[in-house]
Number of protein chains: 2
Amino acid sequence: MGYATEHIAESLKVARERKGLSQRALSAKAGVPQSHISKIENGAVDLRLSSLVELARVLDLELTLVPRKKLPAVRAIIRGDDDGHLDVQSARKATNLLQRLDDQIAALPSETLSEIVVQELQRRARELMHFKLSADDLVQLQEASAAMQEFLSDPRNLEAVEQAQSQLRMLRNALAHGAGISAPSLPRPAYRLDGDDRG
Amino acid sequence: MGYATEHIAESLKVARERKGLSQRALSAKAGVPQSHISKIENGAVDLRLSSLVELARVLDLELTLVPRKKLPAVRAIIRGDDDGHLDVQSARKATNLLQRLDDQIAALPSETLSEIVVQELQRRARELMHFKLSADDLVQLQEASAAMQEFLSDPRNLEAVEQAQSQLRMLRNALAHGAGISAPSLPRPAYRLDGDDRG
DNA sequence: AAGATTGATGTAGATTTCTACATCAAGAGA
DNA sequence: TCTCTTGATGTAGAAATCTACATCAATCTT
């Protein structure tokens, strides 16, 4: 149900499919009933940590708690295949930018802005930490941050917030839809790890 | 019980202490009973994913599944073996933050707050100026400053002051006790920005 | 010395996972 | 068509989390 737990469940499913295992095959290896695996992958259950770790172990995955600040860099490594250090630079920039954005959002005056809007902004900013960002994406982030700063120095300027909001939303959509629309320099990894052909 | 789950529990505990939160403070933020947090940190329970994610969220941590092959690289990032220049920035930020905190304390309304509390806050804030702060410590300062600002805009919100107070106190204790909790291998950067160690 | 705070531990009860087992619709392949 | 595999769904019951509440020893603060 949770937004964060969905991500975990999806990762498990992707990892399983990537290893060419059926739910029953994984069931045999992990000692977890197939029916339960199905429910887990569909987010129908709030599984226990031991179950999650056991499944992850079989799938050669390690469960780790990573500081939000360093999430973009970590994801760059996880998603990165051979490019590696080249993209780490932009990933570091993105880290700083997203962190600053998060700070700016946290500093938004609650008197002139509804709580819902703030939460929505925060959610979007943190959601973007999950993506691997290209240099082109960085520009948009910078613009969004600049707009946010503009509003912070002049709380009457509601247009600035809306612009930042729109920018974050469209960036997210672009990233969520096609893996690399704005990253022509990094065409495609040698292999795929996205198995999102179904809901 | 499991070996992998112990690591998670320990990470939660470290992160909580690093943020200067007591189990009860974390309990209030995450909506999880203090007794349960204690059991979780001691590995006495096999907690559910939702509980783990909820606690992690409050602690600015993100639960991620990382391929075992890339675990060393990820851990290197988490440990912060790569940042370096970031610490100069954070040091400057810390200076500004502490100054602002001092200003905020000076601006506290003396009608709704006892003089003793104000002095105590001021003492703590200035005491922190003697320490060399890491980037992670900055977050706490920001939160304390935010809480303080919250109280300034709404003097009825006494909880905000108490939170800031607790945050400053525990941050001081953490700094005075062990120099580096989460980064024992790299306690301090190789360079310092200003050599006035004496004070 | 007195008081406040922290973390650990326990009890009782509601809620939920988790297992074992069965079944079903959709799809692939012979 | 027949068969096999895949993933989704259901039931009944054992086991565990999780909450609310209380209490306790140790430590810090005044």
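Throughout, protein chains are lettered first and strands after them, A, B, ... in sequence-line order, and every chain is numbered starting at 1.
Rounding to whole angstrom units, CD of residue B:Glu17 and P of C:dT6 are separated by 13 Å. When rounded to the nearest whole Å, the span between CD1 of A:Ile40 and C1' of D:dA8 equals 14 Å. Following rounding to the nearest Å, A:Leu55 (CG) and C:dT17 (P) show an atom-to-atom distance of 15 Å. Rounded to a whole Å, the CD atom of B:Glu54 is 19 Å from the P atom of D:dT17. Straight-line distance from the CG atom of B:Asp46 to the C1' atom of C:dT16: 13 Å, rounded to whole Å. Summarising the geometry, the separation between CD on B:Gln165 and C1' on D:dT30 is reported as 13 Å, rounded to the nearest angstrom. Atom NZ in A:Lys39 sits roughly 15 Å away from atom P in C:dT16 (whole-Å rounding). Distance, A:Ile37 CD1 to D:dG7 P: 9 Å, rounded to whole Å.
Distances shorter than 4.0 Å separate some side-chain N or O of A:Arg16 from OP1 or OP2 on D:dG7. At D:dT6, one or more side-chain N or O atoms of A:Ser22 fall inside 4.0 Å of OP1 or OP2 (strictly under the cut-off). A:Asn42 has no side-chain polar atom (N or O) that falls below the 4.0 Å cut-off from OP1 or OP2 of D:dG7.
Taking 3.5 Å as the limit, the base of D:dT17 and the side chain of B:Arg48 contain a donor-acceptor pair of atoms between them.
With hydrogens and angles ignored, the 3.5 Å screen pairs no side-chain donor or acceptor of B:Ser38 with any backbone N or O of B:Gln34. With hydrogens and angles disregarded, a donor-acceptor distance shorter than 3.5 Å links the side chain of A:Gln104 to the backbone of A:Ser145.
Taking only side-chain atoms of A:Arg24, from C-beta outward, the nucleotide of D:dT17, D:dT6, C:dT6 with the closest atom is D:dT6. Closest to the A:Pro33 side chain, of the nucleotides C:dT19, D:dC21, C:dT11, is C:dT19.
Contacts of A:Gln34 with the nucleic acid, taken as non-hydrogen atoms under 4.0 Å apart, include base atoms. Across all strands shown, A:Ser51 has heavy atoms under 4.0 Å from sugar-phosphate atoms exclusively, and none from any base. Residue-level contact check: B:Leu47 touches the backbone only, with heavy atoms under 4.0 Å from sugar-phosphate atoms and none from bases.
Going from atom CG of A:Asp46 over to atom NZ of A:Lys39 covers 14.5 Å, rounded to the nearest 0.5 Å. In this structure, A:Leu61 CG and B:Thr64 OG1 are separated by 10.0 Å, a value rounded to the nearest 0.5 Å.
The residue among B:Lys13 and A:Leu49 whose nearest nucleotide of DNA chain C is located toward the 5' end is B:Lys13.
Counting non-hydrogen atoms of neighbouring residues, nucleotides and ligands closer than 6.0 angstrom, the NZ atom of A:Lys29 reaches no more than 12 such neighbours.
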